[in-house]
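This report refers to the structure that appears directly beneath it.
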Amino acid sequence: MSDASNAPLKRTPFYDIHKALGAKIVPFAGYEMPVQYPAGITVEHNAVRRECGLFDVSHMGEFFVTGERAVDFVNYVTTNDVPKLAVGQAHYSTILHDGGTIVDDCLVYRFADKVMMVVNASNAAKDYAHIAPHTAQFGVKLEDASDGYALLALQGPKAQEILQPLTQVKLADIGYYHFTEGEVAGMPMIVSRTGYTGEDGFELYHRNEHGVKLWEALVGTGRVTPAGLGARDTLRLEMGMALYGNDIDDTTTPLEANLQWLVKLAKGDFIGSDALKKQKEGGVPRKLVGFTLPDRNIARHGFPVFDADGNASGEVRSGTMSPSLGIPIGTAYLPTAQAKEGTQFEVEIRGKRVPATVVKPPFYKDGSHL
Amino acid sequence: MANIPQDLLYTEDHEFVKPTGDADVVAIGITDYAQGELGDIVYIELPKVGASFGKHDVFGTVEAVKAVSELFIPVSGEIVAINDRLDKEPALVNSDPYGEGWMIKVRLKNVAERDELLGAGEYEKHLGQ
């Protein structure tokens, strides 16, 4: 993350609202973001699982690709099969280095006349520098529109019911990982049925100037709980969804990270495809696994991991107490042969080795969208 | 602003020391400021009754969703009671840190150590409030 840099922190259009609500604000990916509101992470987490929560995720980066070969370009710089997307459909994907490791994970949206890539704020500059050199080859225009766009994620089983009265868009017609352009509370936006929580919900991409009015309309329903990055992290980890910088990074490949479903080697050449073919043929040395601990101490990001043979096996990648399950959960890389459900290994918590058990994510299995 | 009761003693590590009915026994926990900084507390690891600690030893840990913190004992002595309720209800430390969220009771080994603790005013100054 860019926390250590000296660049001034950016603020989203909702900064003053977060402050007024008493949120705890932290530097995150170059932005001042709310990690939690006074109600606390557990309350926010449960609101999303049971009713509806609202996240400011305006730090996310939006790239627009235009030109006749926009689809081909994005197909070349990402691993998933972009031509297979219908107009109005989106998918999850990864951007790779030539060596097959992950530059970033992203969402790809196919419009009639353009493609939108949504990337992690902490990686946006790196992503742009990585893919921009290939624009000439495809004759496309790449625009980083991040600074003009804000993003609110309305997440929870009640999201559709709460959002519908605010828009003419027929939300029931938008399938999971589909989107449409329309008005919400009288303002233009992209209404996308996507999320990072395992629950049903919508992500609303809009121009910065519409942000505050949109927030007020959503919270004004009286049925929406503002939720911060802390709850976003516990919700996504319960679903086993990867977080860049934790579970995946510049040293891990999608095949190692259980993201092979995002890699379409049959689609033709793309950045990183040769390396992945080689890794697939030669064997994947390690796999990202989910684990639980029998006791209640939490194995946190960075704690040492020892595989079933007692050998050092990197560090805990993500770790928290699952608010829904009441047990510690986490992720780590283990040698592929040990990545089976039920394998016992160890994590070191403050100098003490404790047993951990491999489980198959999602940890939480009752989400309204799995 | 964090609640800092006038009649308690404090450490720079955000533990409090509270008198009990027995002049040689004090109750210890973490301050309102500390619980606020930690956020939702999900697990508290406490020592066994009968264990002895020297001043500033680690006597346990507090796990919150986003952070973990070690607990430093403000005075030397023997553990004479632990708050069993915290095993099932760790959030008591969030809701009532100085009352139902107390953690341990310690029989003082050296009563003079109490004089080295911070008063409410000094702790408030330490927090920069």
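Note on naming: letters A, B, ... go to the chains in the order of the sequence lines (proteins, then strands), and numbering restarts at 1 for each one.
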Is B:A91 close to chain A through its backbone or its side chain, or both, or neither, when contacts mean heavy atoms under 4.5 Å? neither

Would you say that more than 12 heavy atoms from the other residues, nucleotides or ligands in this model lie under 6.0 Å from the NZ of B:K109, or not? no

Give me a line-by-line list of donor-acceptor atom pairs from chain B to chain A that are under 3.5 Å apart, or tell me none exist.
residue	atom	partner	partner atom	Å
B:G36	O	A:K24	NZ	2.8
B:E37	O	A:K24	NZ	3.1
B:D40	OD2	A:I41	N	3.1
B:D40	OD2	A:T42	N	2.6
B:D40	OD2	A:T42	OG1	2.6
B:E63	OE1	A:R300	NE	3.2
B:E63	OE1	A:R300	NH2	2.5
B:E63	OE2	A:N297	ND2	3.1
B:E63	OE2	A:I298	N	2.9
B:E63	OE2	A:R350	NH2	3.2
B:A64	O	A:R300	NH2	2.7
B:V65	O	A:R300	NH1	3.2
B:A67	O	A:R300	NH2	3.0
B:D87	O	A:R296	NH1	2.7
B:D87	O	A:R296	NH2	3.4
B:D87	OD1	A:R296	NH2	2.3

